[in-house]
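These notes are about the structure you will find just below.
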Amino acid sequence: MAQSALVNRHMPVVWRVAFRMLRDRQEAEDVTQETFLRAWKMLPDWEDRAKFSTWACTVAINLCRDRLKKKKPILMDELPEQTDLALRPEQALTQKQARARIAALVDALPERQREALTLCAFEGMGNIEAADTMGVSVEALESLLARARRKLRLELAGESGASM
């Protein structure tokens with residue numbers, strides 16, 4: 001019963017982190033299952049030194065890193081977000097293209113910057129929790145986030161200046 005509640009509470013976050021890292025639904029599901037299999041093996045010896053969510057995301061990120069080292073990254077054509085049906089077709093297309101471009105820019109970030117951005121911007125983790133998850137200091141996390149955001153801003157500003 002407690003295990004089921006633990007899975008129901010934390011699986012969505014673990015899956016989203018894995019999906020954003022791997023950009024593959026099946027791989028994300030595999031990483032999520034592996035994360036919770038490891039949790040069950042560790043649960044009897046679990047100590048409350050860290051939050052379960054932090055530990056689970058750390059395990060998921062490490063599993064994702066292992067998988068990414070074994071194969072070339074596959075970029076998605078689109079983000080798994082729904083298009084606003086109230087938009088006109090040309091607006092929907094522009095929005096879809098913008099999301100795809102931002103996803104490609106995020107995918108092109110160095111691994112640690114992408115991880116920091118995923119945890120903080122997409123998963124809404126605070127800096128302390130994200131730093132714990134990544135195994136870095138809060139200052140190092142903030143530096144990773146600043147570099148990632150600066151790089152994204154420069155890339156997006158360069159594109160808008162080139163299209164004028």
Side-chain angles (χ1 to χ4, degrees), residues 9-39 42 49-84 93-164:
R9 182 172 179 198
H10 298 287
M11 186 182 291
V13 171
V14 170
W15 184 87
R16 286 191 309 266
V17 167
F19 179 76
R20 286 192 172 104
M21 295 293 300
L22 299 170
R23 297 289 187 206
D24 181 293
R25 290 182 186 279
Q26 185 60 48
E27 291 278 329
E29 288 175 14
D30 291 347
V31 164
T32 302
Q33 288 178 0
E34 176 85 18
T35 298
F36 284 98
L37 284 173
R38 289 183 183 199
M42 271 193 62
R49 287 184 297 209
K51 289 173 44 178
F52 181 82
S53 60
T54 302
W55 177 85
C57 285
T58 300
V59 170
I61 285 173
N62 288 333
L63 290 169
C64 289
R65 286 179 189 155
D66 292 344
R67 286 174 185 254
L68 289 169
K69 286 176 188 171
K70 292 179 184 175
K71 68 175 188 171
K72 289 185 176 181
I74 299 171
L75 300 178
M76 289 181 42
D77 292 334
E78 60 185 84
L79 287 174
E81 296 177 14
Q82 294 182 345
T83 303
D84 185 353
L93 178 61
T94 302
Q95 198 174 68
K96 183 178 178 181
Q97 289 170 336
R99 280 196 308 266
R101 182 62 188 141
I102 291 169
L105 291 172
V106 169
D107 287 344
L109 289 172
E111 181 178 297
R112 301 293 280 174
Q113 290 177 23
R114 189 174 63 246
E115 290 170 6
L117 198 63
T118 296
L119 294 174
C120 293
F122 298 126
E123 289 307 317
M125 284 188 187
N127 288 1
I128 294 171
E129 186 177 5
D132 285 346
T133 299
M134 292 180 66
V136 299
S137 69
V138 173
E139 292 79 15
L141 175 86
E142 289 171 349
S143 176
L144 290 167
L145 287 170
R147 287 191 311 237
R149 290 174 178 145
R150 187 177 323 114
K151 183 167 180 137
L152 291 175
R153 254 192 316 273
L154 288 172
E155 291 289 332
L156 291 170
E159 287 177 9
S160 65
S163 64
M164 290 183 173

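Under the rule for a side chain to side chain donor-acceptor pair (under 3.5 Å), the partners of Asp30 that lie at least two apart in sequence or sit in another chain are Gln26. Under the side chain to side chain donor-acceptor pair (under 3.5 Å) criterion, Arg67 pairs with Glu27, sequence neighbours left out. Not a single side chain to side chain contact (heavy atoms under 4.5 Å, CB included) links Gln33 to another residue, sequence neighbours left out. The side chain to side chain donor-acceptor pair (under 3.5 Å) search around Arg149 returns none, not counting sequence neighbours. The salt bridge (Lys or Arg N to Asp or Glu O under 4.0 Å) check on Arg16 picks up Glu123, with sequence neighbours excluded. In this structure, the salt bridge (Lys or Arg N to Asp or Glu O under 4.0 Å) partners of Glu129, at least two apart in sequence or on a different chain, are Lys51. Residues passing the side chain to side chain donor-acceptor pair (under 3.5 Å) test with Gln97: none are found, sequence neighbours excluded. Residues passing the salt bridge (Lys or Arg N to Asp or Glu O under 4.0 Å) test with Arg38 are Glu34, sequence neighbours excluded.
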key: Evaluation steps, side chain to side chain contact (heavy atoms under 4.5 Å, CB included), between Arg112 and Val136   = CA-CA 10 Å; Arg112 301 293 280 174; Val136 299; 3.0 Å; yes

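Between Thr118 and Arg114, the closest side-chain pair of non-hydrogen atoms falls below 4.5 Å. Arg25 has its side chain within reach of Trp15: a pair of non-hydrogen atoms, C-beta onward, lies under 4.5 Å apart. Residues Asp132 and Trp55 form no side-chain contact, since every pair of their non-hydrogen atoms from C-beta on lies 4.5 Å or further apart.
Other residues, nucleotides and ligands contribute more than 12 heavy atoms inside 6.0 Å of the CZ atom of Arg65. With a 6.0 Å radius and a threshold of 12 heavy atoms from other residues, nucleotides or ligands, Leu154 has its CG atom above the threshold.
Between Val106 and Leu152 the shortest heavy-atom distance is N-CD2, 4.0 Å. The minimum heavy-atom distance linking Met125 with Cys57 is given by the pair CE-SG, 3.4 Å. Between Ala56 and Val14 the shortest heavy-atom distance is CB-CG2, 3.8 Å.
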Quiz: residues 138-146 side-chain donor-acceptor pairs under 3.5 angstrom, not counting sequence neighbours:
residue : atom : partner : partner atom : Å
Glu142  : OE2  : Asn127  : ND2          : 3.3
Ser143  : OG   : Arg147  : NH1          : 3.3

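Between Asp24 atom CG and Glu29 atom CD the span is 9.0 Å, to the nearest 0.5 Å. Leu119 contributes atom CG, which lies 10.0 Å from atom CZ of Arg20 (distance to the nearest 0.5 angstrom).
Put simply, the residue from Leu22, Val59, Thr35 that forms a side chain to side chain contact (heavy atoms under 4.5 Å, CB included) with Cys64 is Leu22.
Using a 4.0 Å cut-off between a side-chain N of Lys or Arg and a carboxylate O of Asp or Glu, Asp107 and Arg23 qualify as a salt bridge.
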